[in-house]
Amino acid sequence: MPGCFSFRDNDKSLYRLMEKQASTFEINYLEAYPLRWLWYENPDKDAPILLFIHGAPGSSSAFLSYIQDDTLRAQFSILVIDRLGYGYSGYGNYQAIPQQFEAIDTLIKKVNANQQNVYSVGHSYGGTIAGYIAIQDPEWLKGTVMIAPAIDPEQEKYFWFGKLALYNSTRWMVSKSLRVAADEKYSHEEELRTFVNQWDKINSPILHIHGDKDGLVPYGNVNFSLQNIPKKWLEVKTISGEGHLIPFTKKEKMVNEILKFIGNNE
């Protein structure tokens, strides 16, 4: 049935999940963009903020297990967003990377009243946006974790089934989430080229994590990081034998890598 794969959970589903899991968080909306965001505020008002940015297709649902993770909740405030165009953030309306950054920047300035350090964690296309944020070097950013990011325009891969969501003749067959993902995918290479020479502007720590068997976002993106991000800021972790979905198949390892990275850069 068309539209059955929306890759999102409504507010009611999230409240039921919180009741079942006994780990609460707030559900909020930033109406100016619009942007839905999930927020766990640490009792320590000075605790750093962890910002999670999902890939495509997807929504904040991708990182629900992270906002509920007791290890992370003990040390951080946690912010998980529906990116523009996904979840309940203007669902179905594609927005380019600069607009994604502007919405996130506005949101961080809203929630970060105590001037806490913010660490962003982005997966796949969310990792690309996390990298773009690092290039912009906002004053609130302390460090960035890019997990399997698509950052090299020469490494872009295209799949025949993606065009089902792109062409008008078949676009009606798929959900809005898949349509937005297709719009992003087929704009991605051109967008990457608009800032391909700006990665040397990065002025804060970056951890690039990538599985060496990634069939969606090639491992060759690691070489792009090594060649373009200043060495003083870059750390690369290769996850041997793993593919693209490592935030979910290797969650415990990802949490440990995030904690280690932040601990080394506090």
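When a residue number appears, it is its place in the shown sequence, counting from 1. Here the structure is a predicted model, which means the values were calculated and not measured. FYI, side chains are in, hydrogens and waters are out, and symmetry mates aren't considered; it's all heavy atoms of this structure.
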Looking only at heavy atoms, what is the nearest atom pair of [X] and [Y], with distance?
{"X": "S204", "Y": "W233", "answer": "O-CB, 3.4 Å"}
{"X": "I27", "Y": "M18", "answer": "CD1-CE, 4.1 Å"}
{"X": "V217", "Y": "A148", "answer": "CG1-O, 3.8 Å"}
{"X": "F261", "Y": "E235", "answer": "CD1-OE1, 4.0 Å"}

List the residues meeting side chain to side chain donor-acceptor pair (under 3.5 Å) with [X], not counting sequence neighbours, and say none if there are none.
{"X": "E41", "answer": "K45"}
{"X": "Y33", "answer": "T106"}
{"X": "E242", "answer": "none"}
{"X": "E252", "answer": "none"}

Can you tell if the side chain of [X] reaches within under 4.5 Å of the side chain of [Y], non-hydrogen atoms only?
{"X": "Q99", "Y": "Y94", "result": "no"}
{"X": "W39", "Y": "I78", "result": "no"}
{"X": "S120", "Y": "V145", "result": "no"}
{"X": "I104", "Y": "I129", "result": "yes"}
{"X": "Y40", "Y": "L72", "result": "no"}
{"X": "L234", "Y": "I202", "result": "no"}
{"X": "R83", "Y": "H54", "result": "yes"}
{"X": "L259", "Y": "F76", "result": "yes"}

*State whether the side chain of T249 and the backbone N or O of L245 hold a donor-acceptor pair below 3.5 Å, judged by distance alone.*
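Side chain of T249 to backbone of L245, a donor-acceptor pair under 3.5 Å: yes, one is there.
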*Has the side chain of N264 got a donor or acceptor atom that lies under 3.5 Å from a matching backbone atom of K260?*
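Present.
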*Please check if any side-chain donor atom of S124 sits under 3.5 Å from a side-chain acceptor atom of H244, or the reverse.*
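The answer is yes; a qualifying pair exists.
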*Answer yes if the side chains of Y15 and N10 hold a donor-acceptor pair under 3.5 Å, and no otherwise.*
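Checked: Y15/N10 side chains show no N/O donor-acceptor pair below 3.5 Å.
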*Of F52, F248, Y66, F63, the residue whose pairing with H123 passes ring pair (Phe, Tyr, Trp, His ring centres under 6.0 Å)*: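 Only one option passes, and that is F248.
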*Could you go step by step and tell me if D212 and T238 meet the side-chain hydrogen bond (donor to acceptor under 3.5 Å, both in side chains) rule?*
CA-CA 6 Å; D212 62 2; T238 298; over 6 Å; no
*Would you sort out whether F7 and Y86 count as a ring-ring contact (aromatic ring centres under 6.0 Å, His included), showing the intermediate values?*
CA-CA 8 Å; F7 300 93; Y86 295 94; 8.9 Å; no
*Examine I49 and I53 and state if one hydrophobic cluster contains both, with Ile, Leu, Val, Met, Phe, Trp and Tyr joined whenever side-chain heavy atoms are less than 4.5 Å apart.*
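Yes.
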*Should Y88 and L84 be regarded as members of a common hydrophobic cluster, given that ILVMFWY residues are connected when their side-chain heavy atoms come within less than 4.5 Å of each other, either directly or indirectly?*
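No, Y88 and L84 fall in different hydrophobic clusters.
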Which atom pairs, donor and acceptor, lie under 3.5 Å between side-chain atoms of residues 133-144 and protein residues at least two apart or in another chain?
from : atom 1 : to   : atom 2 : distance (Å)
W140 : NE1    : D105 : OD1    : 2.7

*May I have all residue pairs that pass side-chain hydrogen bond (donor to acceptor under 3.5 Å, both in side chains) and include part of residues 68-82, sequence neighbours excluded?*
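Non-adjacent pairs meeting side-chain hydrogen bond (donor to acceptor under 3.5 Å, both in side chains): S23-Q68, R36-D82, S60-D82, D69-K251.
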